[in-house]
Amino acid sequence: MAYATTNPWTGEVIKTFPDATDAEVTGAIARAHNTFTTWRNVSFSQRGEILQNAANLLREQKDEFARLLTLEMGKLYSEALAEVELSAQIFEYYVKNAEKLLAPEILPVANPQEATAKIVHEPLGVLLAIEPWNFPYYQIARIIAPQLSAGNTILLKHASNVPQSAARFEKLMHDAGLPDGGFINLYAARHHIEQILNDPRVQGVALTGSEGAGATVAAQAAKALKKSTLELGGADAFIVLADADLDKTAKWAVFGRHWNGGQVCVSSKRMIIVDDVYDAFLERYTAGVAALKAGDPLDPATTLAPLSSQQAADEVKEKIQLAISHGAQALEVGPKVPGQGAFVQPTILTEVTPDNPAYYMEFFGPVSMILRAKDDDDAVRIANDSPFGLGGSIFTRDTARGAELATKVSTGMVYINHPTRVKADLPFGGVRRSGYGRELTGLGIKEFVNHKLISVVDIDTEF
């Protein structure tokens with residue numbers, strides 16, 4: 001896997017790490033399982049105390065944590081600070097709510113004199129988390145906060161370009177008081193994933209990543225009869241209706257497409273504009289994109305970060321050329337990006353038709369696809385004409401109309417008058433090729449628990 005820290009701004013290889021050995025993987029599974037046998041019986045208040053300690057440490061050491069994010073994957077320092085805070089908030093959400101979310105559920109029964117019934121939610125055991133590089137801490141917090149709260153233990157296989165972030169989060173949990181084996185970072189190679197999933201002590205896998213990785217891991221999990229959840233790609237629609245406040249909408253569009261360098265599964269990748277305001281929106285949006293300033297992600301004046309690697313930048317450029325070769329119009333916007341760093345010139349694609357393969361692709365970088373719709377219903381049709389179904393947004397002054405249209409958009413999340421709200425108290429996940437399952441809130445904490453029925457029956461009751 002070539003685990004290495006490579007600064008996307010300078011191109012410098014800072015530090016490399018060897019892959020885990022087979023013995024290290026086997027030992028990690030044993031440690032995680034041994035810890036599970038006691039952790040599963042720890043009280044919610046004791047678990048919550050550890051998670052609160054982690055949240056406190058994140059805030060106390062936020063500068064160190066944030067700078068490491070910027071070093072490894074190039075995000076703006078301000079965005080790195082926001083990610084640290086969001087991770088702390090996710091921990092605190094489960095500190096406050098885990099016990100209530102997993103409280104036993106009393107079932108209504110036909111004859112309470114004959115029997116009672118309840119559902120209890122019990123942890124499953126060791127889980128494998130496979131996480132991507134674009135939000136190195138948030139992705140970890142999103143899985144370990146609920147699952148540690150539920151009583152499970154976790155093995156982490158993080159992306160190969162954020163090894164120090166992975167190790168730092170493991171240290172965070174150790175410093176917060178989590179027992180050894182509760183959360184283990186592994187520099188696992190690809191062949192180790194199947195080894196881990198085939199171990200009977202491992203009960204499931206949560207993956208956030210590419211469609212290809214998701215398909216492979218889901219197949220391996222299914223073969224081993226293990227539960228899996230997948231959060232994969234997205235090509236979120238940003239629908240603009242005729243009555244939208246165009247000035248504010250265009251500003252949100254610029255943010256929605258370009259935060260984190262455009263490397264967000266729920267960024268606004270397809271802007272679908274009704275014909276009546278198409279030209280007016282495009283003028284405002286183009287001006288907003290042109291005002292972005294690319295540069296050193298540690299510089300407070302920088303508003304457009306480099307991509308996570310030169311390879312990532314090259315892949316985006318190849319997709320732009322593919323779109324052009326099939327008839328799309330490409331407009332490079334704003335001052336020329338620096339020659340230093342893994343940058344892609346912000347690009348607006350128009351005239352992208354369904355016979356263009358780019359129409360159905362996910363662009364993971366500062367590339368905007370602008371699509372024209374005849375009316376509201378046509379905008380929804382275009383939004384649903386995608387293999388993905390993660391998030392999306394609708395901009396309109398008539399919020400009731402927006403909410404009505406949202407019911408027709410086939411995705412896991414839809415926001416009215418906001419591109420996406422990634423929050424500790426909102427569920428996250430999608431449908432179709434964007435994956436299955438949910439993370440965060442009560443939906444997330446119940447993904448990897450045994451929903452056990454306990455029924456007390458009068459011994460004299462007839463069958």
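By convention here, the first residue in the shown sequence is residue 1.
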S368 and I370: CA distance, side-chain angles, deciding distance, side-chain contact (heavy atoms from CB on, under 4.5 Å) verdict: CA-CA 6 Å; S368 311; I370 313 292; 4.3 Å; yes

Result of checking W252, F255, F238 against H418 for ring pair (Phe, Tyr, Trp, His ring centres under 6.0 Å): W252

Test item: side-chain donor near acceptor, N185 and H158, under 3.5 Å: no

Any donor-acceptor N or O pair under 3.5 Å, side chains Q195, T26: yes

Heavy atoms from other residues, nucleotides or ligands near CD of E351 exceed 12 (cutoff 6.0 Å): no

Pairing residues for D63 by the salt bridge (charged side-chain N to carboxylate O under 4.0 Å, His left out) criterion, not counting sequence neighbours: R67

Of E447, E131, E83, E231, the residue whose pairing with R142 passes salt bridge (charged side-chain N to carboxylate O under 4.0 Å, His left out): E231

Under 3.5 Å donor-acceptor, Q89 side chain and A424 backbone: no

Centroid-centroid distance, W133 to Y3, less than 6.0 Å: no

Side chain K269, main chain C265, donor-acceptor under 3.5 Å: yes

Set of salt bridge (charged side-chain N to carboxylate O under 4.0 Å, His left out) partners for D296, sequence neighbours left out: none

With sequence neighbours excluded, residues passing salt bridge (charged side-chain N to carboxylate O under 4.0 Å, His left out) with D276: none

Which residues share a side-chain contact (heavy atoms from CB on, under 4.5 Å) with T16, sequence neighbours left out: A4, V13

N/O donor-acceptor pair under 3.5 Å between D236 side chain and G391 backbone: yes

Whether R257 side chain and G365 backbone form a donor-acceptor pair below 3.5 Å: yes

For A66, side-chain contact (heavy atoms from CB on, under 4.5 Å) partners two or more places apart: Y77, A80, L81, V84

Main-chain N/O of F388 paired with S434 side-chain donor or acceptor, under 3.5 Å: no

Test item: R270 side-chain N/O and A383 main-chain N/O as donor-acceptor pair under 3.5 Å: yes

Straight-line distance of F428 CZ to L443 CG, nearest 0.5 Å: 13.5 Å

Y187 and F17 aromatic ring geometry - parallel, tilted or perpendicular at 30°/60° bounds: tilted

Neighbour count >12 (heavy atoms, 6.0 Å) for atom CD, E64: yes

N/O donor-acceptor pair under 3.5 Å between K75 side chain and N134 backbone: yes

Quiz item: cation-pi between K227 and F448, 6.0 Å / 45°: yes

Counterpart residues, salt bridge (charged side-chain N to carboxylate O under 4.0 Å, His left out), relative to E211 (two or more places apart): R433

Any donor-acceptor pair under 3.5 Å from N417 side chain to T396 backbone: yes

R372 to Y278 six-membered ring, cation-pi geometry met (6.0 Å, 45°): yes

Parallel, tilted or perpendicular: ring planes of F183 versus F169, cut at 30 and 60 degrees: perpendicular

Salt bridge D243-R401, side-chain N to carboxylate O under 4.0 Å: no

Value rounded to 0.5 Å, distance of CD in Q164 from CD in E72: 5.0 Å

Any P163 side-chain heavy atom under 4.5 Å of T5 side chain: yes

Stepwise side-chain contact (heavy atoms from CB on, under 4.5 Å) test for L349 and Q329: CA-CA 6 Å; L349 297 176; Q329 299 295 310; over 6 Å; no

Heavy atoms from other residues, nucleotides or ligands near CD of E404 exceed 12 (cutoff 6.0 Å): yes

Expected output: side-chain N152 to main-chain L124 donor-acceptor under 3.5 Å: yes

Sidechain-backbone polar pair: N356 side chain, V352 backbone, donor-acceptor under 3.5 Å: no

